[in-house]
Amino acid sequence: MIQKNSDPDSAHELASRVVETLCMSLKWEEKTIDASITVGVALFPLHGGSRKELLANADLAMYRGKSEINRSICVFDAGMDQFVRDRRALALELRRAIQDDELSLALQPQFETGTGLLAGFEALLRWYSPKRGSVSPTEFISVAEENGLIIEIDRWVINRACKLLKLYPWLPRLAVNVSAKAICLSDLVADIKSAMVENGVSPKRLEIEITETALIHDLNRALHNLRQIKALGITVAMDDFGIGYSSLSMLSSFPFDRIKIDGSFIQQVGNNDRAGAIFKAVVGLGSALKVPVLAEGVESNAQLQFALLAGCQELQGFYFGRPLPQIDLPAMHFELAGMMNIDAFKLWQDRRLAPAEQLASVADLALA
Ligand code: C2E
Ligand code: CA
Ligand code: CA
């Protein structure tokens, strides 16, 4: 709405009244739906001289407000315009990057605690841009999600994962991340099926990782696809468990094959007793549901010992296995000579990282 008033306080007051009036709980088919709204505010003449410009800037402010948790009113500022332009530029480059084959996968090992053996790998997307250098997925995945490019990316990842499984028969399992948009697509299951058939890959070696946020997006469609994926024999893991709003209800909605406890819990062990207690409770929950629990983000020996003592079934983390460029896989397999267990990987990684660390410490000494 446009109000002829350029006073920031009264604009804020009006926005608060709109929020108060429209935020409500609705009952629908025995379910309670909590509606929340976000109001973007742009002031005349500070944020625009025309109706069109004001609306466009209020729109930008609204989207910025939506991207933040618990922000129902957001006032435009000039930095937002730049932020949106930067993201548009990144999206354009990303579109080209997919065509120019600048994407690749890094593989991070996952281990069984009982045997210490390699359980599989998680495929993590990497983008090396000749212009920007290496761009973190935390930066470009959200851009891709905003403009739908993520669907093409997820499809690319599934295809590439199946090719890797064909190329390296010794890879026990490869887990791929699937986004909220892709998991709701009607042709996702057919795409997965054809990638597997084309590469002659057994479904048992493929895993789909899905976060709670991806499910909330459109629960019914997502569940429909997940059931079909599971019926093919592919396992489904719940990713980032514990950081969402309704992780528990998600567990009752679908029979997940694995729970991945978000790394933030194990990383707080030692400083935060509550995080440790939640970690143990999740492992207990997994054992009650007969669903194996994987601890993500293990970075130290103390964290490893904690996870072992808590009784979780699988482990993943920088401590024994950083994500490895796909191109290094054959050398890693050759150098490990079939010793695919946690100790051998850790030794191999420590040796691999040693020269860089030694160089860093020499540089530190020189600077001191
Ligand atoms: P995620 O699925 O939770 O992946 C795990 C992230 O934690 C990875 O970051 C990984 O490098 C990092 N990590 C692993 N071990 C440790 C550790 O011990 N300590 C710490 N601090 N971090 C650790 P990365 O590769 O930057 O990926 C970030 C996120 O981007 C992923 O989080 C996932 O949500 C998304 N992502 C990555 N690849 C894909 C993809 O192919 N498709 C989709 N849709 N999303 C992807
Ligand atoms: Ca993941
Ligand atoms: Ca995760």
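Start at 1 with the first residue, then count along the sequence. One-based numbering, in listed order, for ligands and for the atoms of each.
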Using protein heavy atoms only, decide if any is under 4.0 Å from [atom].
{"atom": "atom 2 (O) of ligand 1", "answer": "yes"}
{"atom": "atom 42 (N) of ligand 1", "answer": "yes"}
{"atom": "atom 17 (C) of ligand 1", "answer": "yes"}
{"atom": "atom 34 (O) of ligand 1", "answer": "no"}
{"atom": "atom 13 (N) of ligand 1", "answer": "yes"}

Does the side chain of [X] come under 3.5 Å of the side chain of [Y] through a donor N or O and an acceptor N or O?
{"X": "Asp239", "Y": "Thr211", "answer": "no"}
{"X": "Gln326", "Y": "Ser104", "answer": "no"}
{"X": "Glu13", "Y": "Ser16", "answer": "no"}
{"X": "Glu122", "Y": "Gln316", "answer": "yes"}
{"X": "Ser186", "Y": "Arg221", "answer": "no"}

Taking N or O atoms only and a 3.5 Å limit, does [X] qualify as a polar contact for ligand 1?
{"X": "Ser136", "value": "no"}
{"X": "Asp239", "value": "yes"}
{"X": "Leu125", "value": "yes"}
{"X": "Tyr319", "value": "no"}

Original post:
Salt bridge or not for Arg351 and Glu335, using N-O below 4.0 Å?
Top reply: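 No.
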Of the protein's non-hydrogen atoms, which lies at the shortest distance from [atom], and what is that distance?
{"atom": "atom 22 (N) of ligand 1", "value": "Phe318 CZ, 3.4 Å"}
{"atom": "atom 21 (N) of ligand 1", "value": "Glu299 OE2, 2.8 Å"}
{"atom": "atom 27 (O) of ligand 1", "value": "Pro137 CG, 3.5 Å"}
{"atom": "atom 11 (O) of ligand 1", "value": "Pro323 CG, 3.5 Å"}
{"atom": "atom 15 (N) of ligand 1", "value": "Gln108 NE2, 2.9 Å"}
{"atom": "atom 44 (N) of ligand 1", "value": "Asp154 OD1, 3.2 Å"}
{"atom": "atom 5 (C) of ligand 1", "value": "Leu124 CD2, 4.1 Å"}
{"atom": "atom 46 (C) of ligand 1", "value": "Ile141 CD1, 3.8 Å"}

Sub-4.0 Å atoms of ligand 1 with respect to non-hydrogen atoms of [X]:
{"X": "Val298", "answer": "18 (O)"}
{"X": "Glu122", "answer": "2 (O), 4 (O)"}
{"X": "Gly317", "answer": "15 (N), 18 (O)"}
{"X": "Val157", "answer": "41 (O)"}
{"X": "Thr138", "answer": "28 (C)"}
{"X": "Asp240", "answer": "3 (O)"}

Taking the non-hydrogen atoms of [X], is any one of them nearer than 4.0 angstrom to ligand 1?
{"X": "Arg126", "value": "yes"}
{"X": "Gly297", "value": "yes"}
{"X": "Glu145", "value": "no"}
{"X": "Gln316", "value": "no"}

**OP:** Answer yes or no on whether Arg173 is positioned over the face of Phe121, meaning its NZ or CZ is under 6.0 Å from the six-membered ring centre and within 45° of the axis.
**Re:**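 No.
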Looking only at atom types and distance, does a side-chain atom of [X] sit under 3.5 Å from a main-chain N or O of [Y], one as donor and one as acceptor?
{"X": "Gln268", "Y": "Ser264", "result": "yes"}
{"X": "Asp328", "Y": "Leu324", "result": "no"}
{"X": "Gln349", "Y": "Phe345", "result": "no"}

Is there a path of hydrophobic side-chain contacts, each under 4.5 Å between heavy atoms of I, L, V, M, F, W or Y residues, that connects [X] with [Y]?
{"X": "Leu248", "Y": "Leu215", "answer": "yes"}
{"X": "Leu232", "Y": "Val201", "answer": "yes"}
{"X": "Leu329", "Y": "Val157", "answer": "yes"}

Original post:
With a cut-off of 3.0 Å, does Asp262 place any N/O/S atom under that distance from the Ca ion (ligand 3)?
Top reply: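 Within the cut-off used here (under 3.0 Å), Asp262 places no N, O or S atom near the Ca ion (ligand 3).
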**OP:** Check Glu209 and report its N/O/S atom nearest to the Ca ion (ligand 2), by atom name.
**Re:**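 Glu209's closest N, O or S atom to the Ca ion (ligand 2) is named OE1.
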Original post:
Is atom OH of Tyr63 surrounded by more than 12 heavy atoms (other residues, nucleotides or ligands) closer than 6.0 Å?
Top reply: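 12 or below, so no.
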Subject >> Name of the Asp240 atom (N/O/S only) found closest to the Ca ion (ligand 3) >> reply: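 It is OD1 of Asp240.
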How about [X]: does one of its N, O or S atoms come closer than 3.0 Å to the Ca ion (ligand 2)?
{"X": "Glu122", "value": "yes"}
{"X": "Asp239", "value": "yes"}
{"X": "Thr211", "value": "no"}

Original post:
Taking all atoms of both residues into account, what is the closest heavy-atom pair of Pro109 and Arg322, and its distance?
Top reply: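 Here Pro109 and Arg322 meet closest at CD-O, 4.0 Å.
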Subject >> Nearest non-hydrogen partners of Glu296 and Ile266, listed with the distance >> reply: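 Scanning both residues completely, I find the closest heavy atoms to be O-CG2, 3.4 Å.
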Subject >> Gap between atom CZ of Phe140 and atom OG of Ser134 - 0.5 Å precision >> reply: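 One finds 9.0 Å between OG of Ser134 and CZ of Phe140.
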**OP:** For the residue pair Val41 and Met62, establish whether any side-chain heavy-atom pair is separated by less than 4.5 Å.
**Re:**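 Sidechains of Met62 and Val41: no contact.
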Original post:
Do Lys181 and Glu145 pass the salt bridge (charged side-chain N to carboxylate O under 4.0 Å, His left out) test, and can you show the C-alpha distance, the side-chain angles, and the key distance before you say yes or no?
Top reply: CA-CA 7 Å; Lys181 284 214 166 89; Glu145 277 169 346; over 6 Å; no
